Amino acid sequence: MKARTLGTTDIEISPIGLGCMQFTGGRSVAKYIVRDIGQETVTAVVGASLDGGVTWFDTAEMYGGGQSERMLATALKECGIAPGEVTVATKWPPLGRTAGHIGRSIGSRLRHLGGHPIHLYQIHMPTGSLSSIPAQLRAMAALQRAGKVRHVGVSNFSARQMELAHRVLAQEGVTLAANQVRINLLHRNVERDGVLDTARRLGVTLIAYSPLEGGILTGRFHDDPARVRDLPPMRRVFGHSRLTAKGLARTAPLVAAMKDLGRAHGVSPAQVALNWLITHYGETVVAIPGASRPAQAAEAAGAMAFELDRAERDLLDELSRPLT
Ligand SMILES: NC(=O)c1ccc[n+]([C@@H]2O[C@H](COP(=O)([O-])OP(=O)(O)OC[C@H]3O[C@@H](n4cnc5c(N)ncnc54)[C@H](OP(=O)(O)O)[C@@H]3O)[C@@H](O)[C@H]2O)c1
């Protein structure tokens, strides 16, 4: 599948990237959200993504307080990838901090990333900072002008907040490259809340996080509901209504259709879900599935290697619409 352009920048990325929230080494609150996987597995996951044609990686300071950035950098080194050879995105968490922290902490972000340039630096969420959103964006723009980061993005921003971000950055001579938001077959809010239309109008890429709805769209809990018990506690809580017997019964017809389509193409339901996501919205949406095993990363990358036809995409559209 053809590479996509990140917003209106000069950066080309594969339609599927790798989400690196799974790389936290069991640190901080992350251990309640993801299982602890060691460096060896992280390197194998990154290697499987690269082998499958993934060209970019999304991490964040918040994923283990820099641990994910460090593990990603180590994995890339162990895979023989030199700084600049792949695209790296990371995020600044605003919680309890002023905009001044953006400039003060960039050195440690770059250090954790072991020499890999930051192609996309994102404000992790619109809330929680002691400074205004414009002040945060001006600090981000200053980093770009100083050559510390290549491009600026945001995450979890509403349509109105995207407009604001775009305007403030434009005044600084910087473009808003991306907004990272939750989008998947069971979570299509961007179609109703103006985020998709705004992204298209402003030429901003939407980076779809939790594209498998935390694993629910793989069908593994439909096959064996007992597997819900193996999930880290916060994943059980966040996915609660979808993971009950009633929730799983509600999404079962969609998952059954994904399995049928998967059989017809020789792929898995997860690959069907990801392929739908990166094609249904045209060029605007790219996805960053997370993986805690190399086989999952290989499967995610494989979602770029086949095509659902129009009728197949329409069927998924129709079955998922009432569920979102
Ligand atoms: N900006 C934000 O606020 C924000 C928020 C959340 C996530 N994110 C980003 O988005 C990325 C992905 O989101 P996510 O991890 O929440 O959800 P996701 O990609 O929907 O689900 C990932 C999980 O699904 C399971 N999985 C993946 N492939 C599978 C397969 N082929 N078969 C069976 N199970 C499979 C794995 O669970 P197990 O590990 O349990 O096997 C994996 O950890 C994160 O890594 C992070 O970079 C960003």
Side-chain angles (χ1 to χ4, degrees), residues 16-24 26 29-37 41-42 45-46 48-49 52 54 56-64 67-69 71-72 88-95 120-128 153-157 178-187 206-224 227-239 242-243 255 258-259 262 267-275 277-278 286-303:
I16 298 278
L18 179 70
C20 299
M21 183 174 75
Q22 279 66 12
F23 308 169
T24 52
V29 288
K31 63 172 172 285
Y32 301 111
I33 304 174
V34 293
R35 282 186 291 118
D36 178 16
I37 55 170
T41 305
V42 168
V45 164
V46 168
S49 296
V54 164
W56 64 291
F57 300 84
D58 177 80
T59 178
E61 179 191 334
M62 243 170 85
Y63 305 157
Q67 182 70 2
S68 169
E69 293 167 324
M71 290 180 110
L72 172 63
V88 172
T90 190
K91 315 183 197 81
W92 174 76
L95 307 174
L120 179 68
Y121 201 31
Q122 304 152 100
I123 298 176
H124 205 139
M125 61 246 348
T127 51
V154 294
S155 178
N156 296 302
F157 272 41
N179 184 15
Q180 184 174 137
V181 286
R182 179 187 290 255
I183 320 173
N184 63 56
L185 271 166
L186 295 174
H187 195 97
L206 292 181
I207 300 176
Y209 74 68
S210 303
L212 297 170
E213 189 66 0
I216 294 170
L217 285 167
T218 66
R220 73 187 207 200
F221 305 110
H222 296 80
D223 292 344
D224 181 5
R227 292 184 73 176
V228 172
R229 285 201 293 271
D230 302 336
L231 284 173
M234 271 162 85
R235 288 255 301 280
R236 252 177 287 155
V237 172
F238 288 144
R242 298 265 185 221
L243 292 168
V255 170
M258 286 161 53
K259 282 185 178 171
V267 300
S268 68
Q271 289 174 313
V272 170
L274 293 173
N275 187 280
L277 188 54
I278 56 176
V286 293
I288 45 167
S292 60
R293 299 171 214 269
Q296 293 177 351
E299 216 175 296

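Sequential numbering from 1 along the given sequence is applied to the chain's residues. When reading the values below, keep in mind they use all heavy atoms of this one structure, side chains included, and skip hydrogens, waters and symmetry mates. Counting starts at 1 for both ligands and their atoms, in listed order. Everything numeric in this text was worked out from a predicted model, so none of it was measured.
Look at Met125 and you'll find every heavy atom at least 4.0 Å from all atoms of ligand 1.
With Arg242 contributing its side chain and Leu186 its backbone, the two residues share a donor-acceptor pair below 3.5 Å. With hydrogens and angles disregarded, no donor-acceptor distance shorter than 3.5 Å links the side chain of Asp58 to the backbone of Gly17. Formation of a donor-acceptor pair under 3.5 Å by the Asn156 side chain with backbone atoms of His124 is found in this model. Between the side chain of Gln122 and the backbone N or O of Trp92 there is no donor-acceptor pair closer than 3.5 Å. In this structure, the side chain of Thr24 does not engage the main chain of Gly64 through any donor-acceptor pair within 3.5 Å. The closest donor-acceptor contact from the side chain of Gln22 to the backbone of Val34 lies at 3.5 Å or more, if one exists at all. Remark: the backbone N or O of Glu61 is not paired with any side-chain donor or acceptor of Lys91 at under 3.5 angstrom.
Here's the thing with Lys91: none of its N/O atoms is less than 3.5 angstrom from an N/O atom of ligand 1. The shortest N or O to N or O distance between Leu212 and ligand 1 is below 3.5 Å. Where the criterion is an N or O separation shorter than 3.5 Å, residue side chain and backbone included, Gly290 meets it with respect to ligand 1. For ligand 1, the polar-atom distance check against Arg293 finds no nitrogen or oxygen pair separated by under 3.5 Å. Residue contacts with ligand 1: Met21 is placed with a nitrogen or oxygen under 3.5 Å of a nitrogen or oxygen of the ligand (distance criterion only). Considering backbone and side-chain atoms alike, Pro289 places every N or O at 3.5 Å or more from each N or O of ligand 1.
Scanning the protein heavy atoms around atom 1 (N) of ligand 1, the nearest turns out to be Ser155 OG, 2.9 Å. Scanning the protein for heavy atoms near atom 43 (O) of ligand 1, the closest one is Gln22 NE2, 3.0 Å. The shortest contact between atom 3 (O) of ligand 1 and any protein heavy atom is with Asn156 ND2, 2.9 Å. Of the protein's heavy atoms, Arg220 NH2, 2.9 Å lies nearest to atom 40 (O) of ligand 1. The protein atom (non-hydrogen) at minimum distance from atom 39 (O) of ligand 1 is Ser292 OG, 2.6 Å. Nearest protein neighbour of atom 36 (C) of ligand 1, counting heavy atoms only, is Gln296 OE1, 3.5 Å. The protein heavy atom nearest to atom 32 (N) of ligand 1 is Thr218 CG2, 3.7 Å. Of all protein heavy atoms, the one closest to atom 13 (O) of ligand 1 is Ser210 N, 3.1 Å.
Nearest heavy atoms, Pro289 versus Leu212: CB-CD1, 4.5 Å. In plain terms, the two heavy atoms of Ile33 and Pro232 that are nearest each other are O-CG, 3.5 Å. In plain terms, the two heavy atoms of Ala270 and Thr218 that are nearest each other are CB-CG2, 4.0 Å.
The pair Arg220-Asp230 fails the salt-bridge criterion, with no side-chain N (NZ, NE, NH1 or NH2) lying under 4.0 Å from an Asp/Glu carboxylate O.
Once rounded to the nearest 0.5 Å, the distance linking CE of Met258 with CG of Asn275 reads 11.0 Å. To the nearest 0.5 Å, atom CE of residue Met21 and atom CD1 of residue Ile288 are 9.0 Å apart.
Below 4.0 Å from some heavy atom of Asp58 lie the following atoms of ligand 1, by number and element: 47 (O). Atoms of ligand 1 found under 4.0 Å from any heavy atom of Arg235 (numbered from 1 in listed order, with element): 37 (O), 38 (P), 40 (O). Counting the atoms of ligand 1 from 1 in the order shown, those under 4.0 Å from a heavy atom of Gly214 are 17 (O), 18 (P), 20 (O), 21 (O), 24 (O). The atoms of ligand 1 that sit less than 4.0 Å from any heavy atom of Cys20 are 45 (O), 47 (O).
Residue contacts with ligand 1 for Leu217 are absent, since no atom lies close enough (heavy atoms, distance under 4.0 Å). Residue contacts with ligand 1, taken as heavy atom pairs separated by less than 4.0 Å, involve Glu213 solely via the backbone atoms N, CA, C and O.
Counting heavy atoms only, Tyr63 comes closest to atom 46 (C) of ligand 1 of the residues Phe221, Phe57, Tyr63, Phe23.
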